[in-house]
Q: 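Below you'll find the structure I mean.
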Amino acid sequence: MLKILDAKVVVTCPGRNFVTLKITTEDGIYGLGDATLNGRELAVVSYLRDHMIPCLVGRDAHRIEDIWQFFYRGSYWRGGPVAMSALAAVDMALWDIKAKAAGLPLYQLLGGACREGVTVYGHANGETIEETIAEARKYKALGYKAIRLQSGVPGLPSTYGVSKDKLFYEPADGALPTENVWSTPKYLNSAPALFAAAREALGWDVHLLHDVHHRLTPIEAARLGKDLEPYRLFWLEDAVPAENQAGFRLIRQHTTTPLAVGEIFSGVWDCKQLIEEQLIDYLRATVLHAGGITNLRKIAHFADLNHVKTGCHGATDLSPVTMAAALHFDLSISNFGLQEYMRHSPETDAVFPHAYSFADGMLHPGEAPGLGVELDEALAAKYPYKRAYLPVNRLEDGTMFHW
Ligand code: GCO
Ligand code: MG
């Protein structure tokens with residue numbers, strides 16, 4: 001028995017908001033879990049503080065599956081991003097504790113390494129095609145084997161994925177939501193040209209990816225997939241909003257461009273049909289928003305049976321705690337595909353010192369016991385929470401649209 005003595009939530013904003021759960025046991029071992037839900041951070045804080053922590057204290061930290069079931073099956077109102085992010089934070093912290101108690105890096109408890117490292121993709125973006133390609137060249141020079149390309153859409157004032165700061169992309173940019181403008185015809189006319197130019201300039205020995213950010217209908221996505229086929233994308237991400245899983249059938253019938261989806265999924269019920277019918281190639285669900293390592297492992301095993309690989313979300317709104325958890329997970333599963341990696345700012349890295357490191361296009365979680373991430377609480381306290389929203393999107397005629 002490794003009794004849980006206490007649990008607390010730390011909110012910090014070293015450039016952006018992060019919510020961290022720290023669970024401490026009677027033996028003095030503690031574990032960290034990330035509970036950050038971009039733009040809705042304080043809802044998860046309340047879920048943890050007001051509803052979960054009172055039930056955690058006194059339990060045996062070793063009983064991870066039972067605690068997971070207690071909070072999932074045991075709550076009448078279950079699922080959804082707020083509850084599943086809170087549950088993920090508890091789960092990550094418990095795995096951190098268990099691995100620290102065993103004196104092993106977490107991936108060893110998950111079955112050991114299936115590969116030498118975790119291949120990652122970086123983000124190259126620019127206002128113009130030329131700018132985007134110049135950025136992609138920098139990633140190639142750093143050793144990246146896979147690069148996501150996003151470029152400005154001519155005729156639109158701003159475009160998803162094209163940041164002011166090339167290195168540290170941060171979409172949650174306003175104390176109230178920023179309003180963007182979108183045009184599907186303009187986008188569909190410009191996206192294939194980016195990849196034609198990129199193949200010409202970068203060659204074929206680098207994987208190229210693209211994120212549509214949920215903005216097309218299935219038939220539009222089918223057309224884009226077909227237009228991009230000559231450029232052999234590694235994946236086309238979030239081509240349509242995924243609420244209607246059957247909608248992917250139509251895209252699938254028309255194109256061989258590999259499909260990825262799932263960064264906003266909270267669990268298997270968001271992707272059961274997508275996996276079962278093999279309508280996607282890569283599942284982007286994360287340890288954080290999909291209920292923790294315990295839950296994501298089950299989903300990944302189910303995906304493996306259906307020829308679907310993983311491609312965990314790894315944007316900067318997931319803290320280094322999630323990045324570490326993802327790396328241990330990625331290293332240990334058989335059907336790993338690719339991991340997203342957007343570097344955190346130096347301020348964030350200082351608040352969360354970590355054992356993972358990048359070399360030759362791969363990340364490795366390191367050999368520190370547990371997740372291998374610390375939280376510098378004194379430094380965290382110097383960066384108080386700042387309200388920040390993700391943008392919203394309207395069509396050119398003013399109609400509210402997906403962001
Ligand atoms: C990605 C994502 C992010 C999200 C962000 C929202 O592929 O990395 O689309 O950029 O927009 O994580 O919170
Ligand atoms: Mg995305």
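Note: hydrogens, waters and symmetry copies are ignored here, and every other heavy atom, side chains too, is used. Numbers here are sequence positions counted from 1. Just so you know, ligand 1 is whichever comes first in the structure, and atom 1 is the first atom listed for that ligand.
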Q: Tabulate distances under 3.5 Å between N/O atoms of ligand 1 and N/O atoms of the protein, writing both atom names on each line.
A:
unit_1: ligand 1; atom_1: 7 (O); unit_2: R148; atom_2: NH1; d: 3.2
unit_1: ligand 1; atom_1: 7 (O); unit_2: D211; atom_2: OD2; d: 3.0
unit_1: ligand 1; atom_1: 7 (O); unit_2: E237; atom_2: OE2; d: 3.0
unit_1: ligand 1; atom_1: 7 (O); unit_2: E263; atom_2: OE1; d: 3.0
unit_1: ligand 1; atom_1: 7 (O); unit_2: R284; atom_2: NH2; d: 3.1
unit_1: ligand 1; atom_1: 7 (O); unit_2: E340; atom_2: OE2; d: 3.4
unit_1: ligand 1; atom_1: 8 (O); unit_2: E340; atom_2: OE1; d: 3.2
unit_1: ligand 1; atom_1: 8 (O); unit_2: E340; atom_2: OE2; d: 2.4
unit_1: ligand 1; atom_1: 9 (O); unit_2: Y160; atom_2: OH; d: 2.9
unit_1: ligand 1; atom_1: 9 (O); unit_2: D211; atom_2: OD2; d: 3.1
unit_1: ligand 1; atom_1: 9 (O); unit_2: H213; atom_2: NE2; d: 3.1
unit_1: ligand 1; atom_1: 9 (O); unit_2: E263; atom_2: OE1; d: 3.0
unit_1: ligand 1; atom_1: 9 (O); unit_2: E263; atom_2: OE2; d: 2.7
unit_1: ligand 1; atom_1: 10 (O); unit_2: Y160; atom_2: OH; d: 3.0
unit_1: ligand 1; atom_1: 11 (O); unit_2: H213; atom_2: NE2; d: 2.8
unit_1: ligand 1; atom_1: 12 (O); unit_2: H313; atom_2: NE2; d: 3.1
unit_1: ligand 1; atom_1: 12 (O); unit_2: D317; atom_2: OD1; d: 2.7
unit_1: ligand 1; atom_1: 12 (O); unit_2: D317; atom_2: OD2; d: 3.2
unit_1: ligand 1; atom_1: 13 (O); unit_2: N38; atom_2: ND2; d: 2.9
unit_1: ligand 1; atom_1: 13 (O); unit_2: D317; atom_2: OD1; d: 3.4
unit_1: ligand 1; atom_1: 13 (O); unit_2: D317; atom_2: OD2; d: 3.1

Q: Between K226 and E229, does any side-chain N to carboxylate O distance fall below 4.0 Å?
A: no
Q: Which heavy atom in S151 sits nearest to a heavy atom in L194, and how many Å separate them?
A: CB-CD2, 3.8 Å
Q: My understanding is that only residues two or more places apart in sequence, or in another chain, count here; which of them pass ring pair (Phe, Tyr, Trp, His ring centres under 6.0 Å) with H354?
A: Y356
Q: Counting no waters, how many protein N/O/S atoms sit under 2.8 Å from the Mg ion (ligand 2)?
A: 3
Q: Are any of the side-chain nitrogens in D205 or K140 under 4.0 Å away from the carboxylate oxygens of its partner?
A: yes
Q: Does a side-chain heavy-atom distance below 4.5 Å link E220 with T184?
A: yes
Q: Which residues pass the side-chain contact (heavy atoms from CB on, under 4.5 Å) test with R223, sequence neighbours left out?
A: L188, N189, D227
Q: Please determine whether a side-chain nitrogen of the Lys or Arg among D211 and R148 lies less than 4.0 Å from a carboxylate oxygen of the Asp or Glu.
A: yes
Q: Without swapping roles, check the side chain of D376 against the backbone of F352 for a donor-acceptor pair under 3.5 Å.
A: no
Q: Does E277 come within less than 4.0 Å of R252, counting only side-chain N to carboxylate O?
A: no
